[in-house]
2 protein chains.
Amino acid sequence: MNIGQAARASGVSAKMIRYYEQTGLIPPAGRRDSGYRDYSSEDVHMLRFVRRARDLGFSMAAINELLDLWRDRSRRSADVKRVATAHMIELRERIAHLNQMVTTLQTLVDCCSGDHRPDCPILADLEEPAEEHPRKRPSGALQRPNPRP
Amino acid sequence: MNIGQAARASGVSAKMIRYYEQTGLIPPAGRRDSGYRDYSSEDVHMLRFVRRARDLGFSMAAINELLDLWRDRSRRSADVKRVATAHMIELRERIAHLNQMVTTLQTLVDCCSGDHRPDCPILADLEEPAEEHPRKRPSGALQRPNPRP
DNA sequence: CTTGACCTTCCAACGATGGGAAGCCCCATT
DNA sequence: AATGGGGCTTCCCATCGTTGGAAGGTCAAG
């Protein structure tokens, strides 16, 4: 099976299949005499695993762990659970972060008349944030670490 | 005021200040004879504006629009509101997406015993995702017919 | 005058993906 | 058999916002 067929069968684009191979996430595919990569149905199975994990938001590092656990018949389910739980916690943090933004934005948008006049509480808040909706960043902010030393 | 002081005063790292200048998000700073960038308190004010907009998750393209509107005294608040609302909608979509992931993950994690045994519903789902109509499996048809284009 | 902190520019990397070019390979149709 | 079109190969570049580092110039205190 060529890479294009494997891509269609797995839902992972040919580009990404080559990338996953290059970065070591998946083992190198077999090659034909022509140099074309050759995929078995088991390879496609693995690619679908990766695709599904990506759909659930797992990072490639986490997928690497999950693939190792998947292949390890003597794995402990606790290890899998740990990886999944850690990812879920991170997702929840991101959601909380985004929710905070939306809450603030909704407040500001609600206060904006949205007409022809220039006065705008949204710009006013960006200029000098009001204390009524302070946006406290979580102390361990991942995306925007405080540049202050 | 040097770039380091402006960075500390605005909460935007010196690296990012240079980057914002380079990409045209902010106008080029004044220069001393030494070549050092020189910042006024108004510059810092603008940097704080940018910083707060980033904290609210606005993209640099959106911040560009917001800065233009900020500087335009004859702006219509409707234009500001439009930018903010569009961003909020996008944030809500991302949240919905993440929530979907978390919901699935929570279900799987709840089903996982998390002990020394290898059996794991998390891996089982990654291998073969549970479908809403699990019995319907037409042969030859792709389960996920849409490989991301 | 030396030292160390600061500044400058330039280059690279991150994660995950897409786009595209140049060139080879395979299959079907003339 | 030749040809054409589509698939495959590798390689490089772009995204987005941010950080890191190297090489070298500047400033201020000791």
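In what follows, every chain begins at residue 1, and chains take the letters A, B, ... in the order their sequences are listed.
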Nucleotide nearest [X] (side chain, heavy atoms from C-beta), chosen from [options]:
| X | options | answer |
| --- | --- | --- |
| B:R54 | D:dT9, D:dC11, D:dG17 | D:dG17 |
| B:K15 | D:dG17, C:dG18, D:dG21 | D:dG21 |
| B:R18 | C:dA16, D:dT10, C:dT8 | C:dT8 |
| A:N2 | C:dA16, C:dG20, D:dC8 | D:dC8 |

Tell me: [atom1] of [X] to [atom2] of [N], nearest whole Å?
| X | N | atom1 | atom2 | value |
| --- | --- | --- | --- | --- |
| A:Y19 | C:dG20 | OH | P | 20 Å |
| B:I17 | C:dT8 | CD1 | C1' | 14 Å |
| B:Q22 | C:dT8 | CD | C1' | 13 Å |
| A:L25 | C:dC14 | CG | C1' | 16 Å |
| B:I26 | D:dG17 | CD1 | C1' | 14 Å |
| A:N64 | C:dA16 | CG | P | 11 Å |
| A:M16 | D:dC8 | CE | P | 17 Å |
| A:I3 | C:dC24 | CD1 | P | 20 Å |

Check whether any side-chain nitrogen or oxygen of B:Y20 sits under 4.0 Å from OP1 or OP2 of D:dG17, and answer yes or no.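 Checking B:Y20 against D:dG17: no side-chain N or O falls below 4.0 Å of OP1 or OP2.
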Can you see if the side chain of B:S13 gets near the phosphate of D:dT19 - specifically, an N or O under 4.0 Å from OP1 or OP2?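 Indeed, a polar side-chain atom of B:S13 lies that close.
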List for me each residue that meets side-chain hydrogen bond (donor to acceptor under 3.5 Å, both in side chains) alongside A:D33, sequence neighbours excluded, and say none if there are none.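 A:D33 satisfies side-chain hydrogen bond (donor to acceptor under 3.5 Å, both in side chains) with no other residue.
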For B:S74, is there any backbone N or O sitting under 3.5 Å from a side-chain donor or acceptor partner on B:D72?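 Answer holds: yes.
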Indicate yes or no for a side-chain donor-acceptor contact from A:R52 to the backbone of B:L126 under 3.5 Å, with no hydrogens or angles considered.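 Checking the backbone N and O of B:L126 against the side chain of A:R52, no donor-acceptor pair under 3.5 Å is found.
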Check whether A:I26 and A:Y36 end up in the same hydrophobic cluster, where Ile, Leu, Val, Met, Phe, Trp and Tyr are linked by side-chain heavy atoms less than 4.5 Å apart.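 The answer is no; the residues belong to distinct hydrophobic clusters.
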Is there a side-chain contact between B:R51 and B:S10 in this structure, where contact means two heavy atoms from C-beta onward sitting under 4.5 Å apart?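 B:R51 does not reach B:S10 side chain to side chain.
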Do B:D68 and B:R75 have side chains that approach each other closer than 4.5 Å (heavy atoms only, starting at C-beta)?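 Result no, sub-4.5 Å side-chain heavy-atom pair not found.
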Under a 3.5 Å threshold, yes or no: a donor from one side chain and an acceptor from the other, between B:T107 and B:D110?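 No - no donor-acceptor pair under 3.5 Å links their side chains.
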Just to be sure I understand the geometry, which residues of residues 28-49 of chain B put a non-hydrogen atom under 4.0 Å away from DNA chain D?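 Result for residues 28-49 of chain B: B:S34, B:Y36, sorted by number.
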